[in-house]
Each structure stands twice: as C-alpha cells, then as structure tokens.
**Q** 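Please see the structure below; I have some questions.
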Amino acid sequence: MVNTPVGTMTHIVRLVIDTDTLTAVEENPDNDEPDNEDSETVVYSVPVVMMSEVNQGSTSMGNDALDGNAIVTVKDGKSTVQLTVKAVYYAGLYGHLTKLWSYPSADSMNYDWWSDSDYEISADIAEYFTDYGLNYTSGDETTYEFPKTFIMERDSEQEDVIYIRISSDAMEGFDQAARLELDWANAVVAEDTETEIQVESPDITVSDSSPKNNQTVTVTITAEDGAEIYYTTDGSVPSESSNLYSGEFTVTGAGETVTIYAVAVKDDVSSAVSSADIRFTASSSSSSSDSEIEDGKYWLDIYLWNANLDQASMGDSAFDNNRQALVTVSNNGTAAKVQIATNPVSVSGYTSALQGIKSSEVSISVEDADKFTTNTRYDGTEHTFTYVTLFSFTTTDLESEYIPVEISVPYTPMDGITENDGGLHCRKT
C-alpha cells in the first residue's frame, strides 16, 4: 500500500535489464581529446544604422552620432557590441548621446520593458571624450565629458536588429526608442582590434528602480575578485578619487532621477563604467474609495505623459505653471467638465507654446487663446502664432487615469520627432 497525497498520481513500475544485449562501451574510440578549449573569439566590423521607432522608416535623431561601424566580438554563442559615438548637430543644437540601454532579442520594441531590470540592460561606457556642451552653437566654449564608447553584452552571436533606448543632453529627460540595424552581409573580420578592457565592469543592483518620492532605495555593487569599486551618485564619472564602495548604501529623492555610476579598478586597470537609474515619482492620486464623487468643483493634479512609457512627455512643461485642472462634477457624480490652462514652454533653449491638442476619446474645446512669438533658435527667425491658453473637455468616465491626446508644439525639436506623425502622442493624467 502506497500512501499518496490526495491529488497526486503515482506510478509503480519495474526496470527490466536485458543482460543478453550487454556490450562493452568503447572509451574514446577515435582517441580524441575532450574538447575543453574555449571556442574561438571572432571580432567583426559591422555597418550599423540607428532607426527611429516612432517614425517607422526614418533614421533616429541619434543616428548621426554613430561614429563608424559597430565592433562585434563573438564567442561561445554570445556577443559584445561596441558603438563609438560623436557629437551631432540637430536643429541648431550641439548634442551628445549620454546613455544607452538595450533589450532582449524581439520582433518589436516592448515598452513594458523600459526601466524593468529583468529586461533592460544599461550599456557600459568604456571611454569618454571631452567636448563642448549644448550651447556651443551660441558661443559657449565650456567643455564637459561625454561617453565615446558604449558596450552592450548580448546573448546572441549575430543579431540583425537590437532594440535600444537612448538619452541625449539635447533632449534631457525625454528618452527615445530606437533600433540598431546591423548589416551582416557587409561585415568583415576586424584584423587588428585589441580588447582594452581587462577588468569586468561592476554590477549595480537597486532595491527599486521606480520608487515613490522620498522612499529609501538600497544600492548594492559587486565586482570581480580583487577589484576595488568606486561610485558616484551626483551624475559625475567615477574615478579613484570618488566614493570607495565598502558595502550597500541607500539613496532617496523626490521628483528626480538619481543615477548611480560605478567603476571597478584592479592592478591599476579600470573597467568600463556601469550605471543604474533610480526614478523617484509621486504617488498615484487616484482614490481607493468606491463611493460616488459628490457634485461640485475640485482641483486635480495633471501631467502630460508619454503615450507608451511611464515618463513625462516633452510637452509636459506646457503645464508647469498650471499643475491643477478645475474639475466640475455634475449629474449626481456621473459627469465632469475638466478645464486646463497652459503656459509657454522652453525646450532645450527653444521657446514655443501649445498650438493644438486633440483626443480620440473626448472632444476638446479651446476656451481661450493668445498670440506667442518664439525666439530665433529654431531657424534664425522669430515666429508668431496663436496658442491654446485654456481648453476643456467633458467626460462621463470618472475612473480612467489617462486620456490619449496629440499635441503640437511648433518650432522646437519636437517638430523633428513628429513631422511624420501629425503630433506628439501623449497621455493626459
């Protein structure tokens, strides 16, 4: 009798050994030595282009920053992809790529992976260079350090497409989705490529990459045996004069992104720089009460978020001076009129304003407008147009957190992003 837990199926079987079929096992009949040698390392120089994920068929704004082919090192079924970048002029700006993240092999960009440490991998920065900043085109010759070489660790040997997220100083705070297309048909073996990185870059682990404001986040950093770790939390590039890591530490913030940079040093050789972002955001303002909202007037905080990502849209600054909407609830708490005011914006030195806004879910009415004149940064000329100073919409859905909107903010770099799309796609929350 076999005592078996309820719901478990147990099979009682017999193992029959047929001794009549017994044969000797030949031990390495070909006298081959076991293959314990590491597989060969091959380094390729691969033509690469950075394509936009927003405007399909168009190159990304970051494409002109690519400086030469990708250097792909292939070994043991995996690869290391090295990108060298340079400064780029875009719409009057002198910009640089500052961060890059990559994602697992996929058929399309999965925006749910953004800021998810299970999928998103921050590229290591192997080398920096000194260059002028954003205002160089305006005569400012102050110099700064910018990434020159990004390195991505991949779990495949030869990928045709790699989906990435990029940050640039020209669009600080507004990351862009892009994809790298590698032209393996025209790749060549790189003859004299030397691997300069001899120390593995440290691994940075954070207890929460998207905490609420003022929450405490624990940071742990590890590196290879015998290496010392130096780190920064102020956005500067770490060196041996930075904080020496001696154990886990905590950081906190409110309404900001804290970037942890770390470098490992062993036998006077430094690794590539690793980084991890911690984005502190406000708690959700949605109510947990199931009761109806009483008729009356209310103030409600508003933000303009990216249509696909949990980050502010570039157009969010149009509400910096008017962060509260006036909500008038009527019909026994079943309908509401929402009135929202706007202000002119400044985006990377450009001045503009909200020229238009529309939604696929609600009818938006312009209640007031005014004239606005831009500065000359866009094309050397001032432009005057009518912008929306107050708009409203009525809804019977008092539970949804977002409504989709398309906005137009002309004579800024946003024109370049949305020129094939009819507007900047966002969410109003």
Side-chain angles (χ1 to χ4, degrees), residues 91-93 170-174 255 282 285-286 293 295-307 309 311-330 335-398 400-419 421-429:
L93 291 175
M171 292 293 186
E172 185 175 359
F174 307 106
S285 60
S286 60
I293 302 175
D295 289 357
K297 295 182 181 293
Y298 300 86
W299 290 111
L300 182 67
D301 292 345
I302 57 166
Y303 299 91
L304 194 68
W305 283 66
N306 186 285
L309 312 171
Q311 69 176 37
S313 163
M314 285 182 286
D316 184 57
S317 57
F319 306 94
D320 278 347
N321 299 335
N322 303 279
R323 279 297 169 198
Q324 290 189 316
L326 177 60
V327 180
T328 303
V329 178
S330 59
K337 179 180 180 180
V338 182
Q339 294 174 290
I340 302 173
T342 78
N343 53 259
V345 302
S346 178
V347 179
S348 301
Y350 299 80
T351 59
S352 187
L354 185 69
Q355 187 179 45
I357 182 168
K358 60 183 180 180
S359 172
S360 59
E361 289 190 2
V362 296
S363 178
I364 294 180
S365 300
V366 176
E367 295 194 1
D368 201 1
D370 202 352
K371 294 290 185 181
F372 181 80
T373 300
T374 70
N375 60 13
T376 61
R377 176 135 195 178
Y378 185 75
D379 56 7
T381 303
E382 292 183 346
H383 298 271
T384 300
F385 61 91
T386 300
Y387 80 102
V388 178
T389 60
L390 181 67
F391 65 91
S392 67
F393 60 88
T394 299
T395 179
T396 56
D397 183 356
L398 305 188
S400 294
E401 186 177 1
Y402 300 102
I403 63 166
V405 296
E406 293 181 32
I407 66 170
S408 172
V409 183
Y411 309 113
T412 71
M414 281 185 266
D415 276 357
I417 298 172
T418 62
E419 59 187 359
D421 212 16
L424 187 66
H425 292 254
C426 316
R427 301 176 289 170
K428 172 65 68 177
T429 176

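Positions are given from 1, in the same order as the sequence printed here. These numbers were taken from a predicted model, which means no experiment stands behind them.
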**Q** Looking at side-chain heavy atoms only, is the closest gap between T342 and Y387 below 4.5 Å?
**A**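 Yes, at least one pair of side-chain atoms sits under 4.5 Å.
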**Q** Please tell me if the side chains of V345 and V409 come closer than 4.5 Å, counting only heavy atoms from C-beta onward.
**A**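 Yes, at least one pair of side-chain atoms sits under 4.5 Å.
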**Q** Taking the side chain as C-beta and beyond, is there a heavy-atom pair between N322 and N343 under 4.5 Å?
**A**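 In short, these two side chains touch, coming nearer than 4.5 Å.
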**Q** Taking the side chain as every heavy atom from C-beta outward, state whether Y298 and T328 have any pair of such atoms under 4.5 Å apart.
**A**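 Answer no - side chains too far apart.
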**Q** Taking the side chain from T395 and the backbone from D397, do they hold a donor-acceptor pair closer than 3.5 Å?
**A**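 Yes, the answer is positive, given that a donor and an acceptor are paired below the 3.5 Å cut-off.
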**Q** Assess the side chains of T386 and K371: does a donor N or O sit below 3.5 Å from an acceptor N or O?
**A**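 Note: T386 and K371 side chains meet the donor-acceptor criterion.
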**Q** Are side-chain heavy atoms of F372 and F385 found at a separation under 4.5 Å?
**A**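 Contact flag for F372/F385 side chains = yes.
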**Q** Check side chain to side chain contact (heavy atoms under 4.5 Å, CB included) between S363 and all other residues, then give those that pass, not counting sequence neighbours.
**A**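 Side chain to side chain contact (heavy atoms under 4.5 Å, CB included) list for S363, sorted by chain: empty.
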**Q** At what distance, to the nearest 0.5 angstrom, does CD1 of I357 lie from CZ of F393?
**A**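 It comes to 8.5 Å.
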**Q** Quick check for you: to the nearest 0.5 Å, what is the distance between I403 atom CD1 and S359 atom OG?
**A**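 If I round to the nearest 0.5 Å, the distance is 5.0 Å.
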**Q** Q339 pairs by side-chain contact (heavy atoms from CB on, under 4.5 Å) with which of V327, L326, D368?
**A**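 Result: among V327, L326, D368, L326 is the only option passing the side-chain contact (heavy atoms from CB on, under 4.5 Å) with Q339.
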**Q** With side-chain contact (heavy atoms from CB on, under 4.5 Å) as the criterion, how do S330 and K337 come out once you've worked through the C-alpha distance, each side chain's angles and the decisive distance to 0.1 Å?
**A** CA-CA 8 Å; S330 59; K337 179 180 180 180; over 6 Å; no
**Q** Within the structure provided, determine whether I340 and I302 are in side-chain contact (heavy-atom separation under 4.5 Å).
**A**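 Yes, at least one pair of side-chain atoms sits under 4.5 Å.
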**Q** Is there a side-chain contact between F391 and L354 (heavy atoms, below 4.5 Å)?
**A**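 Yes, at least one pair of side-chain atoms sits under 4.5 Å.
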**Q** Answer with yes or no whether the side chains of E382 and T373 bring together a donor and an acceptor at under 3.5 Å.
**A**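 There is no such pair (donor and acceptor under 3.5 Å, judged by atom type) between the side chains of T373 and E382.
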**Q** Residues two or more places apart in sequence or in another chain: which of them pass salt bridge (Lys or Arg N to Asp or Glu O under 4.0 Å) with D295?
**A**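 Partners of D295 under the salt bridge (Lys or Arg N to Asp or Glu O under 4.0 Å) test: none.
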**Q** When you compare the side chain of P410 with that of H383, does any pair of heavy atoms fall below 4.5 Å?
**A**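 A side-chain contact is absent here, since even the closest heavy-atom pair is not under 4.5 Å.
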